[in-house]
Protein chains: 2
Amino acid sequence: MRADARRNYERLLACAHEAFTEHGADASLEDIARRAGLGIGTLYRHFPNREALLVALLSARLRGLTTYIDELAGQEPAEAFANWVRASCEHGKTYRGIAIGVMSMVLGDRTEFDDACAAAKAAGDRVLVRAQEAGAVRPDITRAHLVALVQGLILATEDDPELFDTLLSVVLAGLSG
Amino acid sequence: MRADARRNYERLLACAHEAFTEHGADASLEDIARRAGLGIGTLYRHFPNREALLVALLSARLRGLTTYIDELAGQEPAEAFANWVRASCEHGKTYRGIAIGVMSMVLGDRTEFDDACAAAKAAGDRVLVRAQEAGAVRPDITRAHLVALVQGLILATEDDPELFDTLLSVVLAGLSG
DNA sequence: CGACAAACGGAGGTAGCCTCCGTATGGTCG
DNA sequence: CGACCATACGGAGGCTACCTCCGTTTGTCG
């Protein structure tokens, strides 16, 4: 990959992040190219369609989340667990709209995204198991339960950060072993 | 309202339902007008923009759900409660994508939609209170809890009906008084 | 430094959004 | 019953976005 190509790839991802968080998954691709100071043709060479750009962006962000989760290994189990839940909520809030857009798209090769998902799940499982082994979290809880709790929490408290904090503390207390 | 206008209004809503469930909130408005055998101008007179059409459609559906919930008054409390949860899940599944599109839109007069929401909530509360008074449902559960549970359930079990049924039975068992 | 594969840019064809206004028609009143 | 007009309809047209295609530019390697 040529140096200019890599530079432009990164620039496009950064501008796509801005545009998608501002306007949702419907953001104009031409606007993204303009923000990056590049032609629309360049955007389409790197990402053949909207889905490809979204998948690349989400995958990059998921990799970032995975890195953070792995760093939680240095914290005590209960604290690491709480931080994991919190980070997942934050990630879910920011990318809920975008992720739903991606989910509704079909077909195509989503290997990259699937891999990033699997990695994030595995990293989360490690934190969960550790917390459970330390007796900080009920042993019957699974990651699927937490996904459901987190998503429900986010949707039920839309636009009410105070309610969100209250319910999150309730959930965390309820999960303690 | 003239007779032809009312007929066309209904026809547009029906075709919008088809199109939105097929293609999500991004469905083409021109396609909706075509399906209804009407000009695009007619669609825009009845619904000045996409949001207005979505709001009208969701409101109509919510009113239908409210009617169903009210009919549950004839069933025994525990059964009515379970049916309410089930119907809410069904409604949420079908309209999740569309509803999210609506939620992300801002400003404008949403009185009609707000009223429909309030009515559905009130009807649900009646069923909940009755079930709790009969001792069929834990007294500390609120409708907000159920919204969170339901939404989380739907999101966590995307594309896996079997898992959905399993988790739903778990939730219903867990809610019993 | 020169050559060429790799990358860029943007014109252009298509389609959807929404507006505007000329045309058609349902309902009402003499 | 017929004529009038407010109400409603249709679609052309201006705009913007999507995506493709190809002529031009540029990084890299011998």
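Excluded from the calculations below are hydrogen atoms, water molecules and symmetry mates; all remaining heavy atoms, backbone and side chain alike, are included. Letters A, B, ... mirror the listed sequences (proteins, then strands); counts begin at 1.
- Here A:Arg35 does not pair with A:Glu30 in a salt bridge; the nearest charged N to carboxylate O distance is not below 4.0 Å.
- Taken from OG1 in A:Thr42 to OH in A:Tyr9, the straight-line distance is 14.5 Å, to the nearest 0.5 Å.
- Under a 4.0 Å N-O distance rule, the pair B:Glu76/B:Arg130 does not qualify as a salt bridge.
- Annotation for A:Tyr68 and A:Ala87: closest pair CE2-CB, 3.5 Å, computed over non-hydrogen atoms.
- Checked by atom type and distance alone, the side chain of B:Gln132 pairs as donor or acceptor with a backbone atom of B:Ile141 at under 3.5 Å.
- Whole-Å rounding puts the A:Leu53 CG to D:dC18 C1' distance at 14 Å.
- For D:dA8, the OP1/OP2 oxygens have no side-chain nitrogen or oxygen of B:Thr42 closer than 4.0 Å.
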Exercise. What string of B, S and - do you get for nucleotides 14-19 of chain C, 5' to 3', if B is base contact, S is sugar-phosphate-only contact and - is no contact with any protein heavy atom under 4.0 Å?
Worked result: --SBBB

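- With a 4.5 Å cut-off on side-chain heavy atoms, B:Ile32 and B:Leu53 count as touching.
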Exercise. What does nucleotides 23-30 of chain C look like as a protein-contact string, B for base, S for sugar-phosphate only, - for none, at under 4.0 angstrom between heavy atoms?
Worked result: --BSS---

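- Residues A:Leu65 and A:Arg61 fail the side-chain proximity criterion, which asks for heavy atoms closer than 4.5 Å.
- Rounded to whole angstrom, the span from the CZ atom of A:Arg6 across to the C1' atom of C:dA6 amounts to 15 Å.
- Between A:Asn8 atom CG and D:dG27 atom P the separation is 11 Å, expressed in whole Å.
- A straight line from CZ of B:Phe47 to P of D:dA8 spans 13 Å, rounded to a whole angstrom.
- From A:His17, atom NE2 reaches atom CG of A:Leu12 across 14.5 Å, with rounding to the nearest 0.5 Å.
- In this structure, CG of A:Leu43 is placed 9 Å from P of D:dC18, rounded to the nearest angstrom.
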Pick out the pairs of N or O atoms, protein on one side and nucleotides 1-4 of chain D on the other, that lie under 3.5 Å.
none

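- Taking each heavy atom of B:Ala78 and B:Ala136 in turn, the nearest pair found is CB-CB, 3.7 Å.
- Nucleotide C:dA6 holds its P atom 19 Å from the OH atom of A:Tyr9, rounded to whole Å.
- OP1 or OP2 of D:dC9 lies within a sub-4.0 Å distance of a side-chain N or O belonging to B:His46.
- In this structure, A:Leu38 places its CG atom 14 Å from C1' of D:dT26, rounding to the nearest Å.
- Salt-bridge check for B:Arg50 with B:Asp26: failed, with every basic side-chain N at 4.0 Å or more from each acidic carboxylate O.
- Rounding to the nearest 0.5 angstrom, the gap separating the CG atom in A:Leu38 from the CZ atom in A:Arg7 is 9.5 Å.
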